[in-house]
Amino acid sequence: MIRKICLIAGQNFSGWHRNARIWLTFTLGLVLCLMLSDQMLTRAQTYEAAIQIFEPFIWTFGDTESVLLSTLLLLVLFADMPFIDQAAPYRLVRTTREIWLAGQVVYVALSVIVYDLFLLIAESLIAMPWAYTGNVWSETSAVFAYSGEGSGAVAVSLKTMEMSTPYACALMVFLLMLLYSLFIASLMLFLNLTAGSAARYISAA
């Protein structure tokens with residue numbers, strides 16, 4: 001049973017490389033990362049100041065509005081939900097509706113994990129020219145926190161810097177973002193199966 005569920009999920013992934021919608025989702029995700037991290041990276045570049053490699057991700061996606069913007073791209077990623085293609089009838093005949101649905105749930109969960117990991121890696125690669133990997137907050141973040149410059153596009157929290165380290169904070173932000181994204185994607189799938197595609201877009205909004 002588990003093997004069949006994994007096969008169904010894997011078959012959904014098999015078409016990713018030739019799907020323009022998937023490429024568009026990750027391209028827009030990269031653009032979003034560039035836009036949201038621009039203020040911190042511009043300062044680091046201007047003053048030749050180093051930043052911790054995970055700080056752009058932490059301060060960017062530690063903000064609820066940024067997380068909301070990133071999850072809106074799930075509408076593009078899952079535009080073909082509930083993933084009924086020409087092979088779907090064949091899979092339903094060879095398995096059961098429950099196994100097929102479980103495969104879709106696994107696919108949604110893994111897709112969200114891949115998408116969120118992509119955002120984390122993209123932010124880290126963008127910051128790499130001015131970044132170090134030590135588990136210590138940078139002076140750039142300290143300046144944002146103490147001067148209040150982070151009250152705009154980069155919400156740097158002094159309390160967070162005092163209570164945590166970059167690695168622990170990055171893990172926490174990633175897990176919270178992942179759980180939120182999984183909840184939104186699961187809700188979209190449930191409403192699409194029970195109430196149609198219109199309800200899916202309303203729920204995401």
Side-chain angles (χ1 to χ4, degrees), residues 1-36 57-58 60-125 170-205:
M1 178 178 177
I2 296 177
R3 180 176 176 274
K4 291 182 179 180
I5 291 173
C6 293
L7 283 174
I8 292 173
Q11 287 170 347
N12 287 340
F13 279 110
S14 65
W16 269 34
H17 65 284
R18 58 177 182 273
N19 192 326
R21 177 176 41 77
I22 302 299
W23 286 97
L24 177 62
T25 300
F26 287 95
T27 300
L28 291 175
L30 179 60
V31 172
L32 179 66
C33 290
L34 288 168
M35 291 176 58
L36 295 177
F57 175 79
I58 293 170
T60 295
F61 293 103
D63 178 63
T64 54
E65 292 184 2
S66 299
V67 174
L68 189 59
L69 285 174
S70 69
T71 53
L72 286 177
L73 293 180
L74 295 177
L75 290 173
V76 182
L77 184 62
F78 298 131
D80 59 342
M81 190 180 288
F83 321 114
I84 299 176
D85 54 16
Q86 294 180 347
Y90 172 77
R91 295 169 190 165
L92 287 170
V93 170
R94 294 295 300 272
T95 60
T96 64
R97 183 177 180 181
E98 289 73 21
I99 292 176
W100 178 82
L101 182 58
Q104 309 312 314
V105 172
V106 171
Y107 167 72
V108 168
L110 292 177
S111 297
V112 171
I113 292 173
V114 170
Y115 172 69
D116 286 346
L117 277 174
F118 171 80
L119 296 180
L120 172 61
I121 294 172
E123 286 278 14
S124 300
L125 291 177
L171 178 61
M172 186 63 65
V173 170
F174 177 79
L175 290 177
L176 290 174
M177 182 178 174
L178 179 62
L179 290 174
Y180 179 74
S181 300
L182 284 172
F183 170 74
I184 294 298
S186 300
L187 181 62
M188 288 166 58
L189 177 61
F190 172 77
L191 290 177
N192 187 270
L193 291 171
T194 58
S197 58
R200 175 186 66 192
Y201 292 111
I202 293 173
S203 67

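Bear in mind that the values here come from a model prediction, so they are computed numbers and not experimental data.
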Let me confirm one number: the [atom1]-[atom2] distance from [X] to [Y], rounded to the nearest 0.5 Å.
X	Y	atom1	atom2	answer
Ile184	Phe78	CD1	CZ	11.5 Å
Leu74	Leu187	CG	CG	11.5 Å
Leu32	Leu119	CG	CG	7.0 Å
Leu120	Phe57	CG	CZ	5.0 Å
Ile5	Leu101	CD1	CG	9.5 Å
Leu36	Glu123	CG	CD	7.0 Å

Worksheet item: Yes or no on side-chain contact (heavy atoms from CB on, under 4.5 Å) for Thr71 and Leu68, after CA distance, side-chain angles and deciding distance?
Response: CA-CA 5 Å; Thr71 53; Leu68 189 59; 4.1 Å; yes

Practice prompt. Sort out for me which residue in Val114, Leu73, Val76 forms a side-chain contact (heavy atoms from CB on, under 4.5 Å) with Phe26.
Written response: Val114

Quick check: does any side chain N or O of [X] sit under 3.5 Å from a backbone N or O of [Y], one acting as donor and the other as acceptor?
X	Y	result
Ser70	Val67	yes
Ser66	Thr60	yes
Tyr115	Gly29	no

Worksheet entry | Trp23, CH2: over 12 other non-hydrogen atoms inside 6.0 angstrom | no

Worksheet item: Angle class for the Phe13/Tyr107 ring planes (parallel below 30°, perpendicular above 60°, tilted otherwise)?
Response: perpendicular

Fill in: Verdict with supporting geometry, Arg3 and Leu7, side-chain contact (heavy atoms from CB on, under 4.5 Å)
CA-CA 6 Å; Arg3 180 176 176 274; Leu7 283 174; 3.7 Å; yes

Fill in: Step-by-step side-chain contact (heavy atoms from CB on, under 4.5 Å) determination, Leu179 to Phe183
CA-CA 6 Å; Leu179 290 174; Phe183 170 74; over 6 Å; no

Discussion item. Minimum heavy-atom separation for Ala122 and Cys33, please, with both atom names.
Written reply: CB-SG, 4.1 Å

Worksheet item: Closest heavy-atom contact between Leu75 and Met188?
Response: CD2-CE, 3.7 Å

Worksheet item: Going through the checks in order, is the side-chain contact (heavy atoms from CB on, under 4.5 Å) test met by Asp116 and Tyr180?
Response: CA-CA 11 Å; Asp116 286 346; Tyr180 179 74; over 6 Å; no

Item to complete: Side-chain contact test, heavy atoms from C-beta onward, threshold under 4.5 Å: evaluate it for Phe174 versus Leu117 and give yes or no.
Response: yes

